[in-house]
Amino acid sequence: MNNNINNNQLGMWIIPPGRYSAIFKQVSAPDPTQIRVVFELMPQRGLADVKKAGKYYYTSTPQWLEKDLECWLGRDRARELLKGCSGILVPLRKLIGTKAVLVISNEDRGQTVPLVKISEILPHTRESFEGNSSPVNNEGPKFRFSFTQDEDDSAMAA
């Protein structure tokens, strides 16, 4: 019976490639060099059950988190969110419950189950969901933030 529970939990993380409506549910810092974000995908086209998708960001390459935040929220909202913050967990916690469109791709690295990868995090719009959105304008000055741990290193939506 424990095997069924483990298989069901594993199955929650297996998602076919495509675009999915999702809700930002959790952010944590598993260690000082990482930030982990988790989204929940409700049943929708191609998904019969609730699924989860997560993504890790590393302190050595903060530009990937910046890029995803700008694509998802827009440059102005991303800058406003991070304005005056010394770390990233507190501002990201403010986004818990926010909807997004996730572009999921799978990478076959020779394992039995392909690695589910969030390749893009986009605004929750019809255009993003249908694949008609245009890339974010990346002209203009860039912003940089640092990863720091807070007293409580995780947050989760109920």
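Counting from 1, the numbers follow the sequence of the chain as shown.
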Is a donor on one side and an acceptor on the other found under 3.5 Å between the side chain of Trp72 and the backbone of Lys99? yes
For the residue pair Pro62 and Glu66, establish whether any side-chain heavy-atom pair is separated by less than 4.5 Å. yes
How many angstroms lie between atom NZ of Lys51 and atom CD1 of Ile14, to the nearest 0.5 angstrom? 6.5 Å
Please find the pair of heavy atoms, one from Ala53 and one from Leu102, that lie closest to each other, and give the distance. CB-CD1, 4.2 Å
Classify the angle between the aromatic ring planes of Phe39 and Phe24 as parallel (below 30°), tilted (30 to 60°) or perpendicular (above 60°). tilted
Does any part of the side chain of Ser21, heavy atoms only, come nearer than 4.5 Å to the side chain of His124, both counted from C-beta? yes
Ile118 versus Tyr56: any side-chain heavy-atom pair under 4.5 Å? no
With a 4.5 Å limit on heavy-atom distance, are the side chains of Gln26 and Leu92 in contact? no
Pairwise distance CZ(Arg19) to CD1(Ile104) - rounded to 0.5 angstrom: 11.0 Å
Validation row: Met12, Val50 side chains within 4.5 angstrom (heavy atoms): no
Exercise: identify the closest heavy-atom pair between Val101 and Pro123: CG2-O, 3.5 Å
Close side-chain approach of Lys67 and Leu65, heavy atoms under 4.5 Å: no
So Leu47 and Tyr20, do their side chains get closer than 4.5 Å, heavy atoms only? yes
Out of curiosity, Asp76 CG to Glu70 CD, how far, rounded to the nearest 0.5 Å? 9.5 Å
So, Glu80 side chain and Ala78 main chain: donor-acceptor pair closer than 3.5 Å or not? no
Kindly give the heavy-atom pair with the smallest separation between Lys117 and Asn106, and that separation in Å. N-OD1, 4.4 Å
Drop me the distance from Lys52's NZ to Lys25's NZ, to the nearest 0.5 angstrom. 8.5 Å
Using only atom types and a distance under 3.5 Å, with no angle test, would you say the side chain of Ser105 pairs donor to acceptor with the backbone of Pro17? no
Apply side-chain contact (heavy atoms from CB on, under 4.5 Å) to Thr125 and Glu130, showing your working. CA-CA 9 Å; Thr125 64; Glu130 293 174 351; over 6 Å; no
Validation row: Leu81, Leu73 side chains within 4.5 angstrom (heavy atoms): yes
Can you hop from Trp64 to Val37 via hydrophobic side chains spaced under 4.5 Å? yes
Separation of Tyr57 OH from Ile35 CD1 (nearest 0.5 Å): 10.5 Å
Rounded distance (nearest 0.5 Å) linking atom CD1 of Ile23 with atom CG of Leu41: 9.5 Å
All heavy atoms of Thr59 vs all of Pro32, minimum pair found to be CG2-O, 3.4 Å
Closest non-hydrogen contact found for Met42 with Gln44 is O-NE2, 2.9 Å
